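Read through the structure below, which is laid out as structure tokens, and then see the notes.
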Amino acid sequence: MTATDSANEALYPIAVLIDELRNEDVQLRLNSVKKLSTIALALGVERTRTELIPFLTDTIYDEDEVLLTLAEQLGTFIPLVGGDQFAHVLLPPLESLATVEETVVRDKAVESLRKLAASHSPADLEAHFVPLVRRLANGDWFTSRTSACGLFSVCYERVGAAVKQQLRQHFSNLCTDDTPMVRRAAAGKIGELAQVVEPEFVRSELLPMFKQLMADEQDSVRLLAVESAVILARLLGPEDTDKLMMKSLRSAVDDKSWRVRYMVADKLTELQSALGAELTQRYLVEAFQALLKDPEAEVRAVSASKVRDFCVNLEASEAERTNIALNSILPAVKDLAGDANQHVKSALASVVMGLSPLLGKEHTVEQLLPLFLTQLKDECPEVRLNIISNLEAVNSVIGIKQLSMSLLPAIVELAEDSKWRVRLAIIQYMPLLASQLGSQFFDEKLNQLCMGWLVDHVFAIREAAVLNLRKLVEAFGSDWALSTVIPKVAELAVDTNYLHRMVCLFCVTELNSACPPDMVRAHLLPIVLKMASDTVPNVRFKVAQTLQQLAASFDAEVFEQQVKPCLDSLAGDADIDVQFFACEALEAIREKF
Amino acid sequence: MSAAAAGKVDGGPAKDKTDPFRNKNELKASKKAAKRSRGSSHYRPKAPTELTQLPPLKDAATDQQELFVKKLQQCCVVFDFSDPVSDVKSKEIKRTCLNELVEYVTVTRGVLQDATYPEIIRMIACNIFRTLPPSDNPDFDPEEDDPTLEASWPHLQFVYEFFLRVLESPDFQPSVAKKYIDQRFVLQLLELFDSEDPRERDFLKTVLHRIYGKFLGLRAFIRKQINNIFLRFIYQTEQFNGVGELLEILGSIINGFALPLKAEHKQFLVKVLLPLHKAKSLGMFHAQLAYCVVQFLEKDATLTEQVVRGLLKFWPRTVSSKEVMYLGEMEEIMDVMEPGQFEKIMVPLFKQIAKSVSSSHFQVAERALFFWNNEYVTQLIEENNAVIMPILFPSFYRISREHWNQTIVALVYNVLKSFMEMNSKLFDELTNAYKAERQKERKREKDREDLLKKFEHLHIK
């Protein structure tokens with residue numbers, strides 16, 4: 001075969017693929033677009049530049065799905081068109097894609113354009129990229145102007161002063177655009193742009209635009225401006241922020257639209273770090289108090305979820321921090337614990353325990369414990385669950401003794417909660433409680449509960465209860481197992497409910513790893529062997545599986561005398577599944593000896 | 001085997017009443033009961049002052065107008081309805097006062113004097129303009145769930161009623177009122193269309209319609225803002241409760257457009273109305289939307305091709321209920337289609353219809369087949385049978401043998417019979433060619449697959 005032949009053969013499928021780009025079936029066009037990089041690779045950089053890219057630019061009127069893939073592919077195309085100096089040939093198709101109606105396509109095109117900008121030389125930026133931004137910014141339809149907003153920050157830094165001035169002017173026009181969608185996009189990008197604009201222009205040009213956006217008639221514009229405010233404040237530093245921005249920010253805390261207030265609450269900790277200690281104490285503490293008492297539940301909920309972070313981030317001496325948390329934040333928090341809205345309460349419950357290390361032992365006992373107790377008894381299961389899952393934080397401050405003394409009654413009550421997720425959370429907390437309370441205390445108060453969970457009607461609880469049992473045995477030792485656990489397991493083996501008998505076998509499997517072999521042989525193995533004649537096939541094959549797992553605890557002699565006869569008889573069982581698992585177990589154990 | 005045996009032995013643990021695996025509807029029902037009792041209006045009142053009852057307007061002999069203004073000012077006080085027991089007395093005073101105001105502007109002439117307009121508009125603005133609360137139910141399903149009703153409706157209803165009576169009063173002078181009912185006012189009014197309460201949206205619809213009718217200077221602005229709301233709905237939030245109401249107003253606005261249509265209006269059709277078909281909640285406003293589209297086509301038939309191609313572009317791929325709506329709209333469009341326009345779009349259109357008829361969802365297939373109950377449509381098909389029959393035949397022939405639903409098979413069979421009567425020569429040709437075509441098609445598919453395999457190979461190299 002000659003070289004040209006093989007080259008032709010290699011190009012033939014490419015020709016077909018290009019043909020498929022025009023196929024009637026969307027799926028086929030999509031497949032073909034996905035292989036675009038391979039097509040380009042086969043065509044070579046020259047033909048990709050002169051044929052493929054113009055072809056793609058001309059044929060952009062496809063289904064959004066195809067366009068999306070195209071927009072994504074083009075962002076990675078630089079090596080395929082011959083490197084950075086040719087990056088600009090990719091701009092025309094992406095420019096068209098940045099003007100289409102569908103948001104996901106547009107966003108992807110902008111994302112790709114942003115990637116490409118980095119590969120342009122300063123000269124290419126001015127010759128190709130900036131004109132594209134200018135065209136998009138002056139587009140007739142709002143889609144192109146919206147896309148333009150995201151492109152300023154990636155080209156601004158590396159162009160000449162005159163072009164920079166033009167770019168700022170264009171951006172300023174977009175900030176006052178007629179269409180709210182465009183102003184929204186500008187509000188979302190103004191912070192990003194500020195990061196690359198010279199400080200003097202940030203103050204003289206971008207700040208006025210920002211203030212205007214913060215006072216926009218549409219709340220959807222204002223709320224995006226709040227997001228950008230964080231970046232702007234960080235750039236300006238506390239002193240200038242106080243002088244130039246604080247008025248806008250404070251009006252946002254008090255905005256008539258809950259969406260804007262929500263956004264402030266959501267960005268509160270970021271604002272806190274941008275504003276610095278002094279401004280935070282002067283303004284934000286008060287603002288936070290107001291947000292925690294907002295008339296709108298949505299706002300209260302997001303504020304409540306910031307309680308811990310806000311207090312932790314307070315840059316102040318420990319005494320001062322405790323003072324703020326105790327006197328300014330805690331009163332509002334106490335109100336929230338009794339909020340009418342369960343989302344608010346649950347958001348609070350997920351973070352409130354985190355206040356404990358900040359406040360110290362004394363205040364925790366005095367101020368927080370009553371709060372936890374109220375929340376532990378809350379009618380909403382999610383609130384109870386969030387409190388239980390975070391007991392750890394309090395534990396480390398006041399110690400398990402004190403914690404269990406005050407919370408134990410509530411915990412016992414929750415152990416029988418009607419929501420299984422709550423019961424599950426309690427179970428998972430048991431090993432920790434057990435290891436710190438000691439076996440005597442445990443036997444008195446909690447043992448009963450742990451055994452009760454073994455026969456819960458929700459499988460997830462039974463499963464967790466079995467695992468819990470193993471951890472308890474690991475903590476209290478095998479003697480405790482012998483006296484407390486094994487009798488219970490033996491009891492389950494003869495329960496009338498077959499699901500409970502299954503639990504018995506699960507227990508044996510788990511305990512196997514926690515108990516010494518002689519104990520397994522003496523106490524657990526007989527229980528299992530007896531169950532081989534169970535009436536339910538599921539139990540019988542579980543017996544086979546369990547025996548296989550116990551193999552580590554017995555020797556060849558025990559196997560020959562006790563286990564093998566049992567498995568042999570199961571291998572001849574009437575049920576096909578029992579036969580299967582019995583044979584599998586026999587084989588596995590035989591391999592071992 | 002074993003599972004069955006297990007079932008026999010034990011019926012499972014006793015069913016707990018508080019079973020966590022309650023079904024979705026049960027949960028929904030309990031949630032709903034809790035939600036309905038809650039208010040939806042969240043003002044931020046600055047501790048309302050207690051109202052004192054003013055004397056009735058009909059008893060005031062001389063300074064009736066002065067009392068009227070006083071009453072308007074009194075009604076600017078807004079109450080918190082989320083708490084049903086607060087300010088009960090003052091709320092009742094305001095309610096009777098509003099009621100009296102409604103009656104007063106309805107029956108008394110000469111009430112609307114230049115100086116009273118600002119007071120009237122201020123009272124209305126104080127009461128109705130507010131930021132709507134977040135939806136209680138983020139995955140609100142308009143067909144399943146009940147909307148959250150506006151808690152302050154006992155007052156709001158009268159305020160809207162009053163507003164309407166003012167707008168409809170023979171004394172009403174737009175030239176004076178336009179100072180107060182301006183762009184800012186209208187913008188706030190439009191935002192209220194997102195209200196979840198259908199009663200409020202209904203009032204808003206009539207109010208906006210009157211404003212559009214009486215304030216010529218605001219018309220272009222209103223259209224542009226509705227545009228923005230729709231675009232935001234389509235491309236950003238997908239959430240706006242009042243789309244149907246706004247479309248209803250637009251339906252009659254479009255009806256009044258002068259010919260030839262301005263570019264602005266055509267752009268609205270292509271860039272806003274057609275993409276609205278993409279919305280997930282299309283079912284909520286499809287009837288109004290289809291009406292608007294058909295209105296446009298009745299005005300200007302040359303838009304037909306753009307509209308049909310637009311709909312084909314957005315044609316639902318997976319949601320059968322939406323596809324049924326699209327088919328319905330397509331039939332309405334065909335009903336007003338001129339034969340010349342029909343010829344321009346029949347090929348892509350009938351390719352889609354062939355696909356819809358082949359849908360395994362029988363309602364989709366059935367809706368498409370109902371086209372053949374429409375005399376005008378069948379006439380168009382018959383006139384162009386040489387083009388349309390070859391498009392439809394392969395699918396119809398296959399369905400007549402393969403579709404699981406007997407009704408569909410019977411309907412398809414009837415259509416095939418009508419094809420036979422229409423053009424028996426072509427029908428025979430198509431029948432004979434069917435097998436060969438199928439084989440060719442299979443071969444094409446196989447070739448493509450082979451090629452892709454080769455391609456993978458190349459890719460690896």
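This structure is a prediction, so every number in the text was calculated from the model and none was measured. Below, read A as the first sequence line, B as the second, and so on, with proteins coming before strands; counting in each chain starts at 1. Every heavy atom of this structure was used, including side-chain atoms; hydrogens, water molecules and symmetry mates were not.
Side chain to side chain, Arg222(A) and Ser257(A) fail the donor-acceptor criterion of an N or O pair below 3.5 Å. When only modelled atom types and interatomic distance are considered, Glu150(B) and Ser195(B) share no side-chain donor-acceptor pair under 3.5 Å. No side-chain N or O of Glu298(A) forms a donor-acceptor pair with one of Trp258(A) less than 3.5 Å apart.
Heavy atoms closer than 4.5 Å to chain B are found in the side chain of Glu217(A), but not in its backbone. Heavy-atom distances place no part of Tyr262(A) under 4.5 Å from chain B, backbone and side chain included. With a 4.5 Å cut-off on non-hydrogen atoms, Gln218(A) touches chain B through its side chain but not through its backbone. Using a 4.5 Å cut-off between heavy atoms, Leu231(B) touches chain A through backbone and side chain atoms alike. Interface remark: Arg421(A) contributes no atoms to any contact with chain B (heavy atom separation under 4.5 Å). For Arg184(A), the part lying under 4.5 angstrom from a heavy atom of chain B is the side chain only.
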task: For the pair Lys224(B) and Asp178(A), evaluate salt bridge (charged side-chain N to carboxylate O under 4.0 Å, His left out) and give the outcome as yes or no after the intermediate values.
output: CA-CA 10 Å; Lys224(B) 200 175 79 186; Asp178(A) 225 16; 2.6 Å; yes
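At distances below 3.5 Å, at least one donor-acceptor pair connects side-chain atoms of Thr143(A) with backbone N or O atoms of Thr99(A).
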